[in-house]
Amino acid sequence: MLAPAPTIHLQSVEKVFPNGVRGLAPLDLAVGQGELVSLIGPSGCGKSTLLKLIANLHQPSGGAVRWWGEDFSAIGREGRRLSFVFQDPTLMPWSNVATNVRLPLDLDGVPRAQAEARIMPALRQVGLEHAAKRYPAQLSGGMRMRVSIARALVTRPDLLLMDEPFGALDEFTRNRLDEDMARLCARDGLTTIFVTHSLYEAAFLSSRVIVMAADPGRIHAEYVIDPGMPRDEAFRMSDAFARICRDLTALLSEVSPRRAGEEGL
Amino acid sequence: MTVSPRAIAVAAPIAVGVLVLLAWQAACRLWHIPPYLMPAPTDIGASLAANGPALLHALRSTLAVTMAALAISVAGGVLSAFLLVQSRLIETSLMPYVIIMQVTPIVAIAPLIIILVKATMPALVVCATLIAIFPIISNTLQGLRSVDPGLESFFRMHKASRLQMLLRLRIPSALPMFMAGLRISSGLALVGAVVAEFVAGTGGSSAGLAYEILQSGFQMDIPRMFAALALITVAGLVLYGATAALQRLVLRRWQAQG
Ligand SMILES: Nc1ncnc2c1ncn2[C@@H]1O[C@H](COP(=O)(O)OP(=O)(O)OP(=O)(O)O)[C@@H](O)[C@H]1O
Ligand SMILES: [Mg+2]
């Protein structure tokens, strides 16, 4: 019997931008169903580029990306839904929160009544059920980002791609959303690829951390975390968590662009 | 007592206007300036009352040209912008001509248009449109290009159709720039209408305010000249106010404050 195809499979995928910049050297990566993989590494190492290749927003210069063993035309069908949360909220300023959240359902042709019924549960997941009628200009930056996440969750995605979604949030909100994310992904078996600058966030959320290096963008190391450990407040306080953070710090220092001996501030 | 900034914004300019009118009136009376040199505000008011029907008829004529030119500018300008935005090739091939149209002074081509377009009213509308259409084209074009790239990616990722892209992304994104263009354009349409009337010098039933001004000049009826001028100014202010109000209404969500 054949093993099921991985959710995402990158085979010698490479990205050279039209201006000649080598965003990514050829790399292989497979992400299985239900994994929560984070990408971490110095600025400019190609994390966003890698995520955009997976979202088909960039075309690889070489190699191939497969989704559930198929090409991108399969995306959008039942069981093949993909959501992307950008670094910026990218909301429609002319629409209120509810309409912004409904947008992907409208674009996918979900009947209006059915779509309407899914808005409030999605907003509840990010704690914004009270803000449905407000406009983006009336929200704080953190609230806008949460609307963006609700918009990604409302489609009930099978694969969630997030590019530093909580980077602009305060520590409390960020930790709370991390816990919510962990619960959500565990409950729904949601496959998630998550870009972050925070090794603590990566350590808390991931079942696997991909450490990337720059010039050219490539995978430096992979670090597996036992997915069996429940991701809650107790985990954050545990020795296991501290050890993971230490290991990740060590890995990151290997790819840090400024090593000992080079100029500092 | 505190006065709201809004009240000051209304009251202060009115106070200035009243003061200027009073000073003007006083100067004319004090120094006995004859009305054919500089009519006092009351002389202008009297002329406005005396020539009311003729002036209002002229105003209606000028406004008809203005509104027709504005309507054509909006329709034509928006269509042109959508055409130009379709491809870089179309834009690079046509944009120079749009600019040529813009930089050629309308007074210089108005006589030609008036000869080419036989009927008076359409000729005036063409002249006014040539002036008014440019801000609509350039602003709408810029607006259509100002789509948030992230949002555009989001639409593409959800395989949005061209129509969905247009209705739910491009048009709303272009709206603020379009509204700013409309505000400029409405003023220019009036300027274009008056300039075209001057050049055409048409009298008769389609005589506009410019004709009133010309005739008053020939007859040395200076108060009437000022009365016509006052009507043009008021028409311009009303147009400006109306488009500004429309802009605020349409864009209130963009600037919504918590
Ligand atoms: N559209 C583009 N054209 C040219 N070069 C690009 C483009 N997008 C990204 N790059 C380059 O590719 C490299 C990787 O960029 P990328 O945005 O993927 O980095 P990143 O790891 O997400 O960085 P950050 O953590 O700062 O977001 C950088 O050197 C960047 O300058
Ligand atoms: Mg990035």
Side-chain angles (χ1 to χ4, degrees), chain A residues 48 51-52 54-59 67 72-77 80-97 99-110 131 133-140 143-145 147-148 151-152 154-155 157 159-161 163 165, chain B residues 74 78 81-82 85 87-89 92 139-183 243-258:
Chain A
S48 297
L51 212 61
K52 283 177 182 163
I54 296 171
N56 200 42
L57 291 172
H58 280 334
Q59 302 308 314
W67 295 264
F72 194 76
S73 61
I75 295 297
R77 289 209 309 262
R80 299 273 188 277
R81 288 210 186 86
L82 179 156
S83 274
F84 195 109
V85 178
F86 296 88
Q87 238 162 330
D88 309 309
T90 63
L91 302 178
M92 304 179 288
W94 54 85
S95 294
N96 66 20
V97 165
T99 311
N100 265 290
V101 170
R102 209 187 59 214
L103 175 67
L105 301 178
D106 291 350
L107 294 179
D108 294 346
V110 175
K133 292 279 165 265
R134 295 221 231 155
Y135 285 87
Q138 300 168 315
L139 304 177
S140 71
M143 289 165 92
R144 273 179 230 157
M145 205 62 226
V147 175
S148 186
R151 183 180 66 181
V154 80
T155 59
L159 173 64
L160 184 58
L161 306 174
D163 193 349
Chain B
V74 167
V78 167
F82 274 106
V85 88
S87 84
R88 279 278 165 201
L89 182 65
T92 40
N139 275 41
T140 309
L141 190 61
Q142 204 179 329
L144 287 170
R145 292 210 186 292
S146 72
V147 172
D148 177 344
L151 209 45
E152 193 174 346
S153 297
F154 189 87
F155 273 73
R156 267 195 285 123
M157 220 160 42
H158 282 274
K159 302 181 175 173
S161 66
R162 273 180 89 88
L163 187 68
Q164 283 175 322
M165 279 277 211
L166 185 72
L167 293 180
R168 301 210 50 179
L169 182 62
R170 296 206 188 286
I171 290 178
S173 300
L175 211 51
M177 289 296 297
F178 165 79
M179 291 308 300
L182 180 67
R183 204 159 147 175
T243 46
L246 185 67
Q247 183 178 27
R248 259 200 309 282
L249 184 74
V250 171
L251 301 184
R252 68 187 187 288
R253 294 165 168 185
W254 272 258
Q255 293 118 0
Q257 294 298 305

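None of these values were measured; they are calculated from a predicted model. Per chain, numbering begins at 1; letters A, B, ... match sequence-line order.
In this structure, chain B has no heavy atom under 4.5 Å from any part of A:Ser148. Only the backbone of A:Leu91 comes within less than 4.5 Å of a heavy atom of chain B; no side-chain atom from C-beta onward does. In this structure, chain B has a heavy atom under 4.5 Å from the side chain of A:Thr155, while its backbone stays farther away. Contacts between A:Phe86 and chain B at a heavy-atom distance below 4.5 Å involve the side chain alone, from C-beta outward. The contact between A:Asp106 and chain B is made by backbone and side chain atoms together, counting heavy-atom distances below 4.5 Å.
Contact annotation for residues 144-155 of chain B against chain A (heavy-atom separation below 4.5 Å, listed by residue number): B:Asp148, B:Gly150, B:Leu151, B:Ser153, B:Phe154, B:Phe155. Residues from residues 164-174 of chain B that place a non-hydrogen atom less than 4.5 Å from a non-hydrogen atom of chain A comprise B:Gln164, B:Arg168, B:Leu169, B:Pro172, B:Ser173, given in numerical order.
Residues passing the ring pair (Phe, Tyr, Trp, His ring centres under 6.0 Å) test with A:Phe72 are A:Trp67, sequence neighbours excluded. Residues that satisfy the side-chain hydrogen bond (donor to acceptor under 3.5 Å, both in side chains) test with A:Asp88, not counting sequence neighbours, are absent from this structure.
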| request: Please test B:Met157 against A:Asn56 for side-chain contact (heavy atoms from CB on, under 4.5 Å), starting from the C-alpha separation and ending with a verdict. | output: CA-CA 8 Å; B:Met157 220 160 42; A:Asn56 200 42; over 6 Å; no
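Summarising the geometry, atom CG belonging to A:Leu105 is positioned 8.5 Å from atom NE2 belonging to B:His158; distances are rounded to the nearest 0.5 Å.
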